[in-house]
Amino acid sequence: MTTATRSEFDQGIALTRHPDEAGRYDAELGAGWQIGGGVNGGLLLAVAGHALSLEHGEHPDPVSISGYYLSASTPGPATVRTEVLRTGRGLSTGTASLSQDGVERLRVVASHGDLAAADGEVRTSAVPPQLPPPDRCIGVEHAPRQLIEQAALLERFDLRLDPATVGWALGQPSGNGRIQGWFRLRDGREPDPLLLLLVADALPPVTFDLGLPGWAPTVELTVHLRARPAPGWLRVTHATRNLAGGYFEEDAEIWDEAGRLVAQSRQLARVPRSA
């Protein structure tokens with residue numbers, strides 16, 4: 001994945017290995033992935049995760065990945081430097097640092113494996129969110145103009161939100177702190193583990209449903225991946241239970257077309273400054 005492909009996502013996470021420095025990759029962060037004052041945190045996590053996938057070889061899939069956002073990224077060139085800390089039979093662990101003009105933007109620690117070789121046993125009490133069919137949900141084209149203006153990345157998505165969780169768009173937030181819906185890329189690219197890193201941070205911030213609009217910068221984002229997703233729509237739910245001290249947590253679940261819980265995430269983010 002070192003050359004441009006048909007999908008905008010693949011172009012967005014494309015990397016070129018540096019010829020003179022081991023573990024270094026060059027990237028180009030596109031303006032089409034902006035939200036608020038910077039590039040989307042999920043896209044940045046996918047860039048770093050991609051670099052570590054290339055370094056780990058036989059362990060191509062992120063299994064657990066945590067990113068700490070140190071400063072806002074902007075469209076333009078970026079550098080990813082990786083370090084492999086341990087290589088085992090089932091997992092490899094490494095770190096990645098994404099920087100621009102010498103300023104570190106993101107620091108990542110991740111363990112990678114091969115999700116295709118994972119044990120098929122599943123024991124779970126988790127239940128997928130009950131959503132109306134995609135054609136009965138609210139598409140991005142109906143989003144408030146001010147949301148589109150501050151979230152260029154939404155134009156890359158075919159996102160259909162559950163009507164029960166979009167009262168905030170009409171000035172009637174429920175106060176429940178939950179937003180959920182259907183997700184796929186507008187250009188038809190099928191989901192894979194790297195795309196799940198983007199999806200974990202793809203929905204509008206749950207603070208919208210608390211009546212607090214505006215950009216909510218991510219402080220830390222951790223994603224746990226359980227399986228390679230089946231082709232088709234993803235069901236995504238984001239929720240929060242606690243807003244305090246100017247920060248809130250946002251928990252996400254991602255379910256694939258086969259009804260499997262393929263990823264879970266938690267992030268800590270700042271309450272929007274406009275609140």
Side-chain angles (χ1 to χ4, degrees), residues 5-12 30 32-35 40 42-43 46 122 124 126-211 213 216 223 225-240 250-265:
T5 64
R6 292 182 60 190
S7 172
E8 289 186 277
F9 175 72
D10 291 326
Q11 294 178 45
W33 299 100
Q34 285 182 285
I35 181 168
N40 173 260
L43 189 281
V122 176
T124 182
V127 178
Q130 298 303 303
L131 301 174
D135 61 1
R136 291 174 53 196
C137 289
I138 308 300
V140 171
E141 67 273 14
H142 300 297
R145 181 177 177 181
Q146 62 270 27
L147 177 60
I148 297 297
E149 289 176 349
Q150 68 171 344
L153 81 167
L154 291 179
E155 298 178 9
R156 261 103 244 134
F157 301 164
D158 186 355
L159 180 62
R160 315 285 182 90
L161 296 180
D162 182 353
T165 67
V166 295
W168 49 269
L170 304 174
Q172 300 173 351
S174 74
N176 294 326
R178 177 177 292 273
I179 298 176
Q180 59 188 24
W182 300 90
F183 178 97
R184 64 184 179 186
L185 287 177
R186 187 175 293 276
D187 62 18
R189 183 196 190 275
E190 296 292 358
D192 64 6
L194 290 177
L195 181 62
L196 295 181
L197 303 183
L198 169 68
V199 178
D201 194 38
L203 270 59
V206 292
T207 42
F208 281 35
D209 194 43
L210 298 176
V223 185
L225 296 96
R226 303 306 182 86
R228 290 184 179 178
W233 286 100
L234 298 169
R235 277 179 284 182
V236 189
T237 177
H238 285 193
T240 186
E250 185 171 87
D251 293 320
E253 292 182 353
I254 305 173
W255 298 76
D256 72 0
E257 191 80 61
R260 299 176 304 163
L261 180 59
V262 292
Q264 297 163 272
S265 72

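When side chains are defined from C-beta on, Thr240 counts as touching Leu210, because their heavy atoms get closer than 4.5 Å. Counting heavy atoms from C-beta outward, Trp233 and Asp158 have side chains that approach closer than 4.5 Å.
Interatomic distance, Leu153 CG to Phe9 CZ, rounded to the nearest 0.5 Å: 11.5 Å. Atom OG of residue Ser265 and atom CG of residue Asp201 lie 8.0 Å apart, to the nearest 0.5 angstrom. In this structure, CG on Asp251 lies 9.5 Å from CD on Gln264, to the nearest 0.5 angstrom. Note that CG of Leu43 is 10.5 Å distant from CZ of Arg156, once rounded to the nearest 0.5 Å. To the nearest 0.5 Å, atoms CZ (Phe183) and CG (Leu196) are separated by 9.5 Å. Interatomic distance, Glu253 CD to Gln180 CD, rounded to the nearest 0.5 Å: 10.0 Å.
Judged by distance alone, the side chain of Arg226 and the main-chain N or O of Leu261 form no donor-acceptor pair under 3.5 Å. The backbone N or O of Thr165 lies less than 3.5 Å from no partner atom in the side chain of Asp162, so there is not a single donor-acceptor pair. In terms of modelled atom types and a separation under 3.5 Å, the side chain of Glu250 and the main chain of Val206 share a donor-acceptor contact. Under the 3.5 Å distance criterion, the side-chain polar atoms of Asp209 are matched with a main-chain donor or acceptor of Ser174. One N or O on the side chain of Arg186 and one on the backbone of Phe157 form a donor-acceptor pair closer than 3.5 Å. Checking side-chain atoms of Asp187 against main-chain N and O of Glu8 turns up a donor-acceptor pair under 3.5 Å.
For Ala258, the side-chain contact (heavy atoms from CB on, under 4.5 Å) partners two or more places apart in sequence, or in a different chain, are Ala230, Asp256, Arg260. Here Pro191 pairs with Leu195, Pro229, Leu234 under the side-chain contact (heavy atoms from CB on, under 4.5 Å) rule; sequence neighbours left out. Arg235 meets the side-chain contact (heavy atoms from CB on, under 4.5 Å) test with Pro128, Pro129, Leu131, Trp182, Trp255; sequence neighbours excluded.
Closest approach of Ala200 to Ile254, counting heavy atoms only: N-CD1, 3.8 Å. In plain terms, the two heavy atoms of Glu190 and Pro231 that are nearest each other are OE1-CA, 3.3 Å. Here the closest heavy-atom approach between residue His238 and residue Ala252 is recorded as CD2-CB, 3.3 Å. Annotation for Ser7 and Leu185: closest pair OG-CD1, 4.2 Å, computed over non-hydrogen atoms. Across every non-hydrogen atom of Leu159 and Pro204, the tightest pair is CD2-CD, 4.4 Å.
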Item to complete: Step by step, work out the side chain to side chain contact (heavy atoms under 4.5 Å, CB included) result for Leu225 and Leu197.
Response: CA-CA 9 Å; Leu225 296 96; Leu197 303 183; 3.9 Å; yes
